[in-house]
Amino acid sequence: IVPRASLIRIEAYDEQGKLIQEELTGFSARVFQHEVDHLDGIRFPDVVARDGGALQWVEEDQWPEYRERWQE
């Protein structure tokens, strides 16, 4: 449930130095953004923390209690 753009335009260089320009949509755009996050050092727990509450990180041992009280 990480918000992502549904359409992105990218510019990159291939192995021979040729400029590549592409437009990605849907799942391909989502996956590309996910991988760029990794290159930027962003992990899922970091996204959860910056979201301001829409997502919550729950450790495994806290899951039973969270499951009962998640609406609070």
Side-chain angles (χ1 to χ4, degrees):
I1 314 174
V2 176
R4 302 278 187 200
S6 60
L7 180 141
I8 61 172
R9 291 183 184 94
I10 61 168
E11 290 186 354
Y13 294 96
D14 68 11
E15 297 87 355
Q16 289 75 41
K18 180 182 172 191
L19 180 64
I20 299 170
Q21 296 176 324
E22 287 194 36
E23 191 171 277
L24 302 174
T25 61
F27 187 69
S28 296
R30 184 172 191 80
V31 170
F32 193 90
Q33 292 169 86
H34 169 86
E35 295 306 327
V36 169
D37 279 353
H38 286 304
L39 293 173
D40 290 339
I42 299 170
R43 304 169 307 122
F44 181 74
D46 302 326
V47 176
V48 172
R50 77 172 179 224
D51 191 66
L55 300 173
Q56 298 178 1
W57 185 265
V58 179
E59 295 294 337
E60 186 176 359
D61 63 329
Q62 298 170 342
W63 173 247
E65 180 181 355
Y66 176 82
R67 188 172 168 209
E68 295 293 322
R69 304 178 67 184
W70 67 272
Q71 291 178 321
E72 297 173 16

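The first residue in the sequence is number 1, and the count goes up from there. Keep in mind that this is a model prediction, so the values were computed, not measured.
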Set of residues satisfying ring-ring contact (aromatic ring centres under 6.0 Å, His included) with respect to Y66, sequence neighbours excluded: W63
Remaining members of the apolar cluster that contains F27, side-chain heavy atoms under 4.5 Å: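 Members besides F27, by chain and number: V31.
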Hydrophobic cluster of L24, others only, ordered by chain and residue number, side-chain cut-off 4.5 Å: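 Joined to L24, directly or through intermediates: I8, I10, F32, V36.
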Value rounded to 0.5 Å, distance of OH in Y13 from CG in L19: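 Reported to 0.5 Å precision, the distance equals 5.0 Å.
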Atom pair CG (L39) and NE2 (H34), whose distance is rounded to the nearest 0.5 Å: 10.0 Å
Shortest non-hydrogen contact between A29 and S6, atoms and distance: CB-O, 3.9 Å
Side chain to side chain donor-acceptor pair (under 3.5 Å) partners of E59, counting only residues at least two apart: W57
Sequence neighbours excluded, every pair satisfying salt bridge (Lys or Arg N to Asp or Glu O under 4.0 Å) that has a member inside residues 60-70: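 Applying salt bridge (Lys or Arg N to Asp or Glu O under 4.0 Å) to every pair that reaches into residues 60-70, excluding sequence neighbours, yields E65-R69, R69-E72.
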Residue pairs involving residues 10-26 (criterion salt bridge (Lys or Arg N to Asp or Glu O under 4.0 Å); sequence neighbours excluded):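 Counting only pairs at least two positions apart or across chains, the salt bridge (Lys or Arg N to Asp or Glu O under 4.0 Å) contacts touching residues 10-26 are R9-E23.
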